[in-house]
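Report on one structure; see the data block that follows.
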Amino acid sequence: MDEHIYKRDNKTLLLYHLVFPLKYRRGALNHLSGISLKNICIEISERYEVQFVEIGYESDHVHFLIQSVPSISVSKLVNLSSIIKKRTIDWF
């Protein structure tokens with residue numbers, strides 16, 4: 001977790017803790033959807049310059065601890081994370 005991201009001219013350690021409640025789908029997350037949630041996050045981290053340090057879930061909300069670079073805005077991280085959440089819930 002204390003790994004800095006090194007670029008050509010800087011060193012960063014940006015961590016974001018995002019929490020997404022499931023408003024109308026209480027109890028929608030279970031063990032199988034949690035596994036697919038983690039797999040989707042791995043796919044996203046391979047495409048973008050983000051790293052999911054921790055992924056936690058309960059039946060009614062999802063937690064993401066995300067490490068990123070300053071060039072990716074927080075709103076883009078929120079959009080990526082909400083896409084992940086929607087994709088996971090729609091599968092189950």
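The shown structure was predicted, so the numbers you read here are calculated from the model rather than taken from an experiment.
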- Message: Can you confirm whether H17 is buried at NE2, in the sense that more than 12 heavy atoms of other residues, nucleotides or ligands lie under 6.0 Å from that atom?
- Response: yes
- At what distance, to the nearest 0.5 angstrom, does CD1 of I66 lie from CD1 of I44? 10.0 Å
- Query: Would V74 end up clustered with I55 when hydrophobic side chains under 4.5 Å apart are linked, directly or stepwise?
  - Reply: yes
- Item | For Y57, ring-ring contact (aromatic ring centres under 6.0 Å, His included) partners two or more places apart | none
- Message: Using every non-hydrogen atom in the two residues, find where P21 and H61 come nearest and quote the distance to one decimal.
- Response: CA-CB, 3.9 Å
- Task: Any chance you could measure E54, atom CD, to Q67, atom CD, to the nearest 0.5 Å?
- Result: 12.0 Å
- Message: Are I35 and F64 connected into the same hydrophobic cluster when the rule is that any two of I, L, V, M, F, W, Y join if their side-chain heavy atoms are below 4.5 Å apart?
- Response: no
- Query: Checking side chain to side chain contact (heavy atoms under 4.5 Å, CB included) for the pair S73/K76: CA distance, chi angles, key distance, verdict?
  - Reply: CA-CA 5 Å; S73 67; K76 184 169 183 169; 3.6 Å; yes
- When rounded to the nearest 0.5 angstrom, what is the spacing between CD in Q51 and CD1 in I42? 11.0 Å
- Item | Closest contact, heavy atoms only, L13 versus E3 | CD1-O, 3.5 Å
- Heavy-atom nearest pair, Y16 first then S68, reads CE1-CB, 4.1 Å
- Task: Run the numbers on V62 and V19 for side chain to side chain contact (heavy atoms under 4.5 Å, CB included), then give the verdict.
- Result: CA-CA 6 Å; V62 179; V19 179; over 6 Å; no
- Note on the structure: Taken to the nearest 0.5 Å, the spacing of C41 SG from E46 CD works out to 11.5 Å
